[in-house]
Amino acid sequence: MLRPLFVALALGSAAFAPPAAALDLTGTKPLRIAVYDATRANVAATLDASDIVYSIDDDNDIQFEVETGTGTTTAWVLFDEDDSGEIWNLRFIAFLYTSDFDQDLLLQHANRINRDYWLTKVFVDTDGDLNIELNLPVENGFIPEEFMTNLYQAGIDAIVEIDGEIASAYGSADGGTEAPAVEEPADVFPASAIGRLDFGEDAFCTGSVVGPALVLTAAHCFYAEETFDRLEPTRFFSGTASGTSVAESDVADFYVPAEFDIDRFMNSSDVDRYDYALIVLAEDISPETGILPLYLPSVDEYYTLMESDGDGFQQIGYGVTGGFYPMRRGPCHITKLWDDDTYSHGCGSVQGDSGAPNLILVDGEYMIIGIESAEIEDVDIEFSDLVVSSAAFAADVDAHLGR
């Protein structure tokens with residue numbers, strides 16, 4: 001499984017009710033959907049029919065266990081009743097143990113999740129744990145298929161996905177993440193040369209200034225996450241933090257390798273090495289931001305970067321904070337090398353980190369050895385993060401710089 005680290009922000013819309021006079025509907029058709037009374041017994045029977053293991057707690061709510069990438073958590077289906085005792089809403093709720101994480105960063109991550117998700121809502125309780133909630137109104141009746149898809153399974157999926165995001169962002173004793181993310185001063189090099197690349201108002205990736213008016217990012221950022229519709233970059237904010245940037249510029253042009261194909265990228269490893277793109281800025285902001293040059297490690301150097309007790313590399317991206325300011329992870333170490341100029345690491349990445357640079361110090365100078373591409377599932381290393389190495393795109397960067 002391959003999950004790009006590109007973020008597309010789901011934008012909600014205000015509820016709309018047309019005035020009664022505007023309604024002029026014709027034709028009637030019976031809905032072939034069985035609707036039942038919203039009762040505890042009917043909900044339990046629906047779970048029984050799907051062989052779901054659960055229990056009834058002391059409050060007469062349904063309780064069950066959910067396996068995530070970092071362990072097991074408990075979830076409930078709660079029954080919200082009106083004053084007459086009629087059930088009007090089914091509420092799926094669970095929580096993740098996050099009290100040991102940085103609470104300010106956790107709150108910011110919760111705000112990003114609430115902005116990006118349509119139906120799932122999260123909040124941090126007084127104990128510092130992250131709560132996950134979904135609701136299914138049933139005042140007009142209970143539909144088993146709707147319950148199983150839009151509440152039960154949607155709730156399970158939300159728990160697993162958000163647990164993975166939190167583990168990747170902040171680290172987990174059981175999650176396999178080497179280094180939790182920490183805030184990086186945006187106006188200090190090398191972060192000053194790393195920024196948020198916007199694709200319209202709805203999406204962003206991370207990019208790096210690699211030459212005068214030239215930014216490096218990931219190719220899959222040019223495609224909408226769900227529909228794969230083509231997107232175009234609009235503006236780059238380098239070294240940005242809470243609305244203030246070291247420098248910014250509109251986009252004048254861009255280059256995506258002709259070999260990159262989004263369908264093949266999502267369904268195979270055939271074009272992984274082509275997941276990079278170059279952005280030509282309308283203005284040269286490099287005098288303000290600085291430039292991050294590329295470095296092509298030797299085979300021996302790659303193997304040195306695999307040593308768990310070695311210096312490893314650093315990664316800086318905007319995914320954890322939803323594009324508001326950069327976060328650094330490190331030291332990170334390579335977990336696997338492939339012969340198509342890609343490698344993996346176990347340091348963790350989240351959506352929005354696509355294009356984020358992997359950096360090493362060479363004679364005291366920060367240099368890029370690769371960029372973040374996607375989260376992958378590998379039988380040998382389980383969940384890890386795919387990186388396109390500098391060897392894949394160095395020639396194209398040089399060509400665009402006239403070297």
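Remember, predicted model here, so these are calculated numbers, not experimental data.
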If you draw a 6.0 Å radius around OH in Tyr303, do more than 12 non-hydrogen atoms from other residues or ligands fall strictly inside? no

Atom CG of Asp250: over 12 foreign heavy atoms under 6.0 Å: yes

Taking all heavy atoms of [X] and all of [Y], pick out the closest pair and write down the distance.
{"X": "Thr335", "Y": "Gly346", "value": "CG2-N, 3.7 Å"}
{"X": "Ala158", "Y": "Leu134", "value": "CB-CD1, 4.4 Å"}
{"X": "Val256", "Y": "Phe260", "value": "CG1-CB, 4.3 Å"}
{"X": "Ala75", "Y": "Phe92", "value": "CB-CZ, 3.8 Å"}
{"X": "Val320", "Y": "Asp353", "value": "N-OD1, 4.4 Å"}
{"X": "Ala110", "Y": "Leu130", "value": "CB-CD1, 4.0 Å"}

Tell me if the centroids of the rings in [X] and [Y] come within less than 6.0 Å of each other.
{"X": "Phe147", "Y": "Phe142", "result": "yes"}
{"X": "His333", "Y": "Phe313", "result": "no"}
{"X": "Tyr274", "Y": "Phe265", "result": "no"}
{"X": "Phe64", "Y": "Tyr152", "result": "yes"}

Please report the C-alpha distance between Leu278 and Asp253 in whole Å, then the side-chain angles of each, then the deciding distance to 0.1 Å, and finally whether the side-chain contact (heavy atoms from CB on, under 4.5 Å) criterion is met. CA-CA 9 Å; Leu278 297 174; Asp253 201 359; over 6 Å; no

Can you find a side-chain donor-acceptor pair between [X] and [Y] that sits under 3.5 Å?
{"X": "Thr72", "Y": "Glu65", "value": "no"}
{"X": "Tyr325", "Y": "Glu184", "value": "no"}
{"X": "Ser192", "Y": "Thr289", "value": "no"}
{"X": "Glu133", "Y": "Asn135", "value": "yes"}
{"X": "Glu307", "Y": "Thr304", "value": "no"}
{"X": "His220", "Y": "Ser373", "value": "no"}
{"X": "Ser84", "Y": "Asp82", "value": "yes"}
{"X": "Tyr255", "Y": "Asp396", "value": "yes"}

Give the C-alpha distance, both sets of side-chain angles, the deciding distance and a yes or no for side-chain contact (heavy atoms from CB on, under 4.5 Å) between Phe222 and Phe254. CA-CA 10 Å; Phe222 287 74; Phe254 55 84; 3.4 Å; yes

So Glu372 and Ser349, side-chain hydrogen bond (donor to acceptor under 3.5 Å, both in side chains) or not? Walk me through it. CA-CA 8 Å; Glu372 297 293 321; Ser349 291; 2.8 Å; yes

Side chains of [X] and [Y], heavy atoms from C-beta outward: is any pair under 4.5 Å?
{"X": "Thr46", "Y": "Met148", "result": "yes"}
{"X": "Pro137", "Y": "Trp88", "result": "no"}
{"X": "Asp48", "Y": "Tyr54", "result": "yes"}
{"X": "Ile291", "Y": "Pro212", "result": "yes"}
{"X": "Asp311", "Y": "Ile360", "result": "no"}
{"X": "Lys336", "Y": "Tyr343", "result": "no"}
{"X": "Asn150", "Y": "Glu146", "result": "yes"}
{"X": "Val209", "Y": "Leu292", "result": "no"}

Quick one: pull up [atom1] in [X] and [atom2] in [Y] and give me the separation to the nearest 0.5 Å.
{"X": "Gln63", "Y": "Asp57", "atom1": "CD", "atom2": "CG", "result": "5.5 Å"}
{"X": "Glu145", "Y": "Ile33", "atom1": "CD", "atom2": "CD1", "result": "8.0 Å"}
{"X": "Phe236", "Y": "Glu283", "atom1": "CZ", "atom2": "CD", "result": "13.0 Å"}
{"X": "Ile159", "Y": "Leu96", "atom1": "CD1", "atom2": "CG", "result": "7.0 Å"}
{"X": "Leu294", "Y": "Ser390", "atom1": "CG", "atom2": "OG", "result": "6.0 Å"}
{"X": "Thr39", "Y": "Glu86", "atom1": "OG1", "atom2": "CD", "result": "10.0 Å"}

Any donor-acceptor pair under 3.5 Å from [X] side chain to [Y] backbone:
{"X": "Thr206", "Y": "Tyr318", "result": "yes"}
{"X": "Asp284", "Y": "Ala213", "result": "yes"}
{"X": "Thr240", "Y": "Phe324", "result": "no"}
{"X": "Asp129", "Y": "Thr98", "result": "yes"}
{"X": "Asn131", "Y": "Phe95", "result": "no"}
{"X": "Ser249", "Y": "Ala282", "result": "yes"}
{"X": "Ser50", "Y": "Ile52", "result": "no"}

Apply side-chain contact (heavy atoms from CB on, under 4.5 Å) to Asp272 and Val388, showing your working. CA-CA 7 Å; Asp272 287 353; Val388 180; 5.8 Å; no

Is [Y] paired with [X] through a side-chain N to carboxylate O contact shorter than 4.0 Å?
{"X": "Arg91", "Y": "Asp61", "result": "no"}
{"X": "Asp198", "Y": "Arg196", "result": "yes"}
{"X": "Asp340", "Y": "Arg273", "result": "no"}

Determine whether Thr227 and Asp229 satisfy the following criterion, side-chain hydrogen bond (donor to acceptor under 3.5 Å, both in side chains), listing intermediate values before the conclusion. CA-CA 5 Å; Thr227 63; Asp229 290 342; 3.1 Å; yes

Ile62 vs Ile56, side-chain contact (heavy atoms from CB on, under 4.5 Å): CA-CA, chis, key distance, verdict: CA-CA 5 Å; Ile62 291 174; Ile56 305 298; 3.8 Å; yes

After noting the C-alpha distance and the side-chain angles of Glu301 and Tyr295, does the key distance pass the side-chain hydrogen bond (donor to acceptor under 3.5 Å, both in side chains) rule? CA-CA 11 Å; Glu301 287 172 314; Tyr295 184 77; 2.6 Å; yes

Run the numbers on Asp127 and Tyr97 for side-chain hydrogen bond (donor to acceptor under 3.5 Å, both in side chains), then give the verdict. CA-CA 9 Å; Asp127 293 327; Tyr97 295 103; over 6 Å; no

